[in-house]
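Worth knowing before you read on, the calculation uses all heavy atoms, side chains too, and leaves out hydrogens, waters and symmetry mates. One-based numbering along the sequence shown. Keep in mind that this is a model prediction, so the values were computed, not measured.
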Amino acid sequence: MSSVLRLNTLLDRSFKAGDHRLEAISAEIGVLDRLCKTLGVTELSRFIDTTAIELIQAVELIDDDATALPTTEPITDPETGLAYGIEDMSWQPIAAGMSSLEALQQHIERGLHVSSQQPQLLQELTYCIQALAPLEAEGGQFHLAVIPA
């Protein structure tokens with residue numbers, strides 16, 4: 001199953017799923033992680049949450065194992081609108097992620113990262129920074145959610 005990243009945020013109990021698919025960041029996560037190490041900041045992969053993919057895989061396993069179980073509609077969490085809740089996900093302080101995102105953005109803007117996806121990478125990094133910046137001072141949290149492509 002192919003997957004892509006999406007930025008999710010949390011402020012107090014207010015959950016917001018990002019509305020952009022971070023396709024370039026997803027495609028270059030290994031390269032970006034190595035660049036983060038070089039720049040002395042936390043790797044982006046440390047901010048990844050795999051809850052959605054893990055749930056899909058678990059449901060597929062159950063469906064394969066249970067041939068005669070009745071199917072029921074999934075229960076939706078009232079805070080997230082998803083099949084899982086805030087506590088089921090892994091969250092990181094926005095302040096920790098901003099240093100990595102900003103370092104990557106500045107490095108790439110200087111033209112020091114050569115990639116065919118460089119313009120899209122810059123757009124996605126800028127989107128993340130702009131979405132997170134207002135929540136940073138308020139102690140917000142975030143993660144890069146792995147979702148099906």
Side-chain angles (χ1 to χ4, degrees), residues 1-37 39 41-105 108 113 115-149:
M1 161 188 335
S2 66
S3 59
V4 69
L5 296 172
R6 178 181 66 202
L7 177 72
N8 290 340
T9 60
L10 180 66
L11 181 61
D12 298 321
R13 297 293 300 179
S14 179
F15 168 81
K16 183 173 183 209
D19 54 2
H20 287 72
R21 296 162 56 93
L22 306 174
E23 293 175 0
I25 291 174
S26 299
E28 300 239 358
I29 193 72
V31 172
L32 295 173
D33 275 355
R34 287 189 295 279
L35 185 53
C36 283
K37 284 182 183 179
L39 296 171
V41 293
T42 304
E43 297 93 347
L44 288 186
S45 62
R46 298 261 180 125
F47 304 116
I48 290 178
D49 175 78
T50 58
T51 305
I53 295 296
E54 290 171 1
L55 179 64
I56 291 168
Q57 291 171 342
V59 168
E60 288 173 354
L61 281 174
I62 291 170
D63 284 348
D64 288 345
D65 291 342
T67 57
L69 290 177
T71 58
T72 58
E73 289 296 315
I75 298 171
T76 303
D77 181 82
E79 290 178 302
T80 65
L82 303 169
Y84 45 90
I86 291 169
E87 290 81 9
D88 299 318
M89 297 179 253
S90 169
W91 295 99
Q92 305 298 321
I94 288 175
M98 286 294 280
S99 60
S100 297
L101 294 165
E102 290 171 339
L104 287 168
Q105 180 190 44
I108 294 170
H113 176 79
S115 166
S116 61
Q117 297 193 48
Q118 196 154 325
Q120 188 176 352
L121 270 172
L122 276 173
Q123 288 175 345
E124 292 177 7
L125 289 168
T126 300
Y127 159 76
C128 290
I129 291 167
Q130 289 174 346
L132 295 176
L135 304 174
E136 182 180 15
E138 298 180 54
Q141 299 177 67
F142 85 109
H143 64 238
L144 300 171
V146 179
I147 59 169

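- Note: Leu44 CG to Leu22 CG = 10.0 Å, rounded to the nearest 0.5 Å.
- The backbone N or O of Thr9 sits nowhere less than 3.5 Å from a side-chain atom of Trp91 that would complete a donor-acceptor pair.
- For the pair Asp88 and Thr51, the tightest heavy-atom approach, listed with the atom from each and the gap, is O-OG1, 3.3 Å.
- Residues passing the side chain to side chain contact (heavy atoms under 4.5 Å, CB included) test with Ala103 are Leu39, Val41, sequence neighbours excluded.
- The shortest heavy-atom contact between Gln117 and Ala27 is NE2-CB, 3.6 Å.
- Listed by chain and residue number, Val4, Leu5 satisfy the side chain to side chain contact (heavy atoms under 4.5 Å, CB included) test with Ser26 (two or more places apart in sequence, or in another chain).
- Under the rule for a side-chain hydrogen bond (donor to acceptor under 3.5 Å, both in side chains), the partners of Asp33 that lie at least two apart in sequence or sit in another chain are Ser45.
- Applying the side-chain hydrogen bond (donor to acceptor under 3.5 Å, both in side chains) test to Thr126 and every residue at least two apart in sequence or in another chain returns Gln105.
- Here the side chain of Asp12 pairs no donor or acceptor atom with the backbone of Ser14 at under 3.5 angstrom.
- From Met89, atom CE reaches atom CD1 of Ile86 across 6.0 Å, with rounding to the nearest 0.5 Å.
- Cys128 and Leu7 get closest at one heavy-atom pair: CA-CD2, 3.9 Å.
- From Arg34, atom CZ reaches atom CD1 of Ile29 across 10.5 Å, with rounding to the nearest 0.5 Å.
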Margin query: Please evaluate residues Leu11 and Lys16 with respect to the criterion side-chain contact (heavy atoms from CB on, under 4.5 Å), reporting the C-alpha separation (whole Å), side-chain torsions for both, the decisive distance (0.1 Å), and the verdict.
Written below: CA-CA 9 Å; Leu11 181 61; Lys16 183 173 183 209; over 6 Å; no
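- Minimum interatomic distance between Phe47 and Thr42 (heavy atoms only, all atoms of both residues): CZ-CG2, 3.7 Å.
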Side-chain donor-acceptor distances from residues 136-149 under 3.5 Å, at least two apart:
residue: His143; atom: ND1; partner: Ser90; partner atom: O; Å: 2.9
residue: His143; atom: NE2; partner: Asn8; partner atom: ND2; Å: 3.1

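- Residues passing the side-chain hydrogen bond (donor to acceptor under 3.5 Å, both in side chains) test with Glu87, sequence neighbours excluded: Arg13.
- Ser99 OG to Ile94 CD1: the interatomic distance, rounded to the nearest 0.5 Å, is 12.5 Å.
- Residue pairs that meet the salt bridge (charged side-chain N to carboxylate O under 4.0 Å, His left out) test with at least one member in residues 45-58, sequence neighbours left out, are Glu43-Arg46.
- The structure places CZ of Phe15 at 5.0 Å from CG of Leu82, a figure rounded to the nearest 0.5 Å.
- Partners of Leu55 according to the side chain to side chain contact (heavy atoms under 4.5 Å, CB included) rule, which considers only residues two or more places apart in sequence or in another chain, are Val59, Ala83, Tyr84.
- Every residue meeting the salt bridge (charged side-chain N to carboxylate O under 4.0 Å, His left out) condition with Glu23, not counting sequence neighbours, appears here in chain and number order: Arg21.
- What you find for Pro134 and Ala131 is that their closest heavy atoms are CD-O, 3.7 Å.
- The ring pair (Phe, Tyr, Trp, His ring centres under 6.0 Å) pairs that include a residue from residues 115-135 are His20-Tyr127, where partners are two or more places apart or lie in different chains.
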